[in-house]
Asks: 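Sharing a structure below in structure tokens format, with a few things to ask.
Every chain is numbered from 1 and lettered A, B, ... according to where its sequence line falls, protein lines coming before strand lines. For the numbers below, each heavy atom of this structure counts, side chains included, while hydrogens, waters and symmetry mates do not. Everything numeric in this text was worked out from a predicted model, so none of it was measured.
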2 protein chains.
Amino acid sequence: MELFNYFRSSASYRVRIALALKGLDYDYRAVHLVKNEHLDPAYASASVSRLVPLLRDGEGLISQSMAIIEYLDETYPQPPLLPPDALGRAQVRALAQDIACEIHPLNNLRVLRYLSKELGVDEDGKNRWYRHWVESGLAVVEQRLSQPGAKHGAFCWGDTPGLADCVLVPQIFNAQRFDCRLDHVPTVMKVFANCMALDAFAKTQPSACPDAE
Amino acid sequence: MELFNYFRSSASYRVRIALALKGLDYDYRAVHLVKNEHLDPAYASASVSRLVPLLRDGEGLISQSMAIIEYLDETYPQPPLLPPDALGRAQVRALAQDIACEIHPLNNLRVLRYLSKELGVDEDGKNRWYRHWVESGLAVVEQRLSQPGAKHGAFCWGDTPGLADCVLVPQIFNAQRFDCRLDHVPTVMKVFANCMALDAFAKTQPSACPDAE
């Protein structure tokens, strides 16, 4: 397998964690987003959306981090990253999507670039925007971890790491990089600490990547 | 089952389509977003994120439209909304996420409100923002439908409607409402027309909902 990704891309980090949890080997292919390497024709021919991450497994080319992780979970089932029951799986997917659909899309590089270049939003406005979506979005995750029907233990769902943890941890890295408030999400931060104690999360973090700066 | 939703919410419409494709009955519970009914304590007690849609199935409360649709597909498997093979499922999920993670989150009501109220973006800037993400995002979907490994037929994947169609159709409704360009995505529009010829898509569209204005 080959993973086209970027050390600082949080969607890339989600997939690195999943691959590590599964104990799968892969070739690390760096695509430098800030240097616009994702716009190179060579990359565009493989990636229609020109986004990272992109996984190549044999003939298959798969984009979108959550689709990749579900693919890995179906193809390499051990250890499972989703609970065995449909309702549990739905709750874990909803948790992951609370981050992947409600927080992260508002804060990625191309969106921040559009805000400043096209709408003339200044640095301060951009930082407020960033923190607003992270802080309010993580407050939802915090509540969700303790709502009726939730089953958080050491991790987002029970005592083994799964899909929701793969998505949560990179979001906390982004939050810390942008000095977001995190004191209102103690349960989230406990889960984060438990994750970071594991090699699968620690050894794949941005600063540990081959293309880290 | 009960579906808490709003006629104009495109994430709600995704779930209405899936329920109709499965032939499942449910009680329609309207939550008026523009009147801020999603912030009522009564709704907040069921929905941590205060977003629609929210599905109640027995004891289970499930949020996030894609998580709900996967839950429905696992619990009521006929007709299936995902292909039988892992790679096909990954491609369909990636297509759905190209819309649900890259286009829709940038254009929902609370984001547009934040742009104007907090960042002082004017009406013209807001409309340019909206169209930019819809038009560039749908161009990706258009390319993806015809890329190597894609299997679009009458619908996004083959000749039966599935998860990607449930997500695509509501996005086209939004695009049309905001006068976005659509002449650059002919394949997408062919799929859209094929979907709208089916009751499951036509009879659940915003204007056909009990709370439509």
Asks: Between atom SG of Cys101(A) and atom CD1 of Ile99(B), what is the distance when rounded to the nearest 0.5 Å?
Replies: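 Interatomic distance, Cys101(A) SG to Ile99(B) CD1, rounded to 0.5 Å: 12.0 Å.
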Asks: Holding to side chain to side chain contact (heavy atoms under 4.5 Å, CB included), I want the full list of residues that pass it with Ala96(A), two or more places apart in sequence or in another chain.
Replies: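 In terms of side chain to side chain contact (heavy atoms under 4.5 Å, CB included), with neighbours along the sequence ignored, Ala96(A) is linked to Met66(A), Leu163(A), Val167(A).
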Asks: With chain A as the partner, which of Ile62(B), Leu61(B), Val111(B) has the greatest number of non-hydrogen pairs under 4.5 Å?
Replies: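 Sorted descending by pairs with chain A, the first entry is Val111(B).
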Asks: I'd like to verify something: which residue of Ala94(B), Ala11(B), Ala139(B) has the highest number of heavy-atom pairs under 4.5 Å with chain A?
Replies: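 Most pairs with chain A among the choices: Ala94(B).
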Asks: Put together the list of donor-acceptor pairs under 3.5 Å connecting chain A with chain B, please.
Replies:
| residue | atom | partner | partner atom | Å |
| --- | --- | --- | --- | --- |
| Leu61(A) | O | Gln91(B) | NE2 | 3.1 |
| Ser63(A) | OG | Arg144(B) | NH1 | 3.1 |
| Ser63(A) | OG | Arg144(B) | NH2 | 2.7 |
| Gln64(A) | NE2 | Asp98(B) | OD1 | 2.9 |
| Gln64(A) | NE2 | Glu102(B) | OE2 | 3.2 |
| Ala67(A) | N | Gln97(B) | OE1 | 3.3 |
| Glu74(A) | OE1 | Arg89(B) | NE | 2.9 |
| Glu74(A) | OE1 | Arg89(B) | NH2 | 2.8 |
| Glu74(A) | OE2 | Arg89(B) | NE | 3.0 |
| Glu74(A) | OE2 | Arg93(B) | NH1 | 3.2 |
| Glu74(A) | OE2 | Arg93(B) | NH2 | 3.4 |
| Arg89(A) | NE | Glu74(B) | OE1 | 2.9 |
| Arg89(A) | NE | Glu74(B) | OE2 | 3.0 |
| Arg89(A) | NH2 | Glu74(B) | OE1 | 2.8 |
| Gln91(A) | NE2 | Leu61(B) | O | 3.1 |
| Arg93(A) | NH1 | Glu74(B) | OE2 | 3.2 |
| Arg93(A) | NH2 | Glu74(B) | OE2 | 3.4 |
| Gln97(A) | OE1 | Ala67(B) | N | 3.3 |
| Asp98(A) | OD1 | Gln64(B) | NE2 | 2.8 |
| Glu102(A) | OE1 | Arg110(B) | NH2 | 2.6 |
| Glu102(A) | OE2 | Gln64(B) | NE2 | 3.2 |
| Arg110(A) | NH2 | Glu102(B) | OE1 | 2.7 |
| Arg144(A) | NH1 | Ser63(B) | OG | 3.2 |
| Arg144(A) | NH2 | Ser63(B) | OG | 2.7 |

Asks: Please tell me if the side chains of Val121(A) and Leu115(B) come closer than 4.5 Å, counting only heavy atoms from C-beta onward.
Replies: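 Sidechains of Leu115(B) and Val121(A): no contact.
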Asks: Restricting to non-hydrogen atoms, name the atom on Ala67(B) and the atom on Ala90(A) that form the minimum distance, rounded to 0.1 Å.
Replies: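 Looking at all heavy atoms of both residues, the closest pair is CB-O, 3.7 Å.
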Asks: Taking C-beta and beyond as the side chain, do Leu119(A) and Leu119(B) meet within less than 4.5 Å on heavy atoms?
Replies: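 Contact flag for Leu119(A)/Leu119(B) side chains = no.
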Asks: Pick one of side chain, backbone, both or neither for Ile103(B), based on which atoms fall under 4.5 Å of a heavy atom in chain A.
Replies: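 Neither part.
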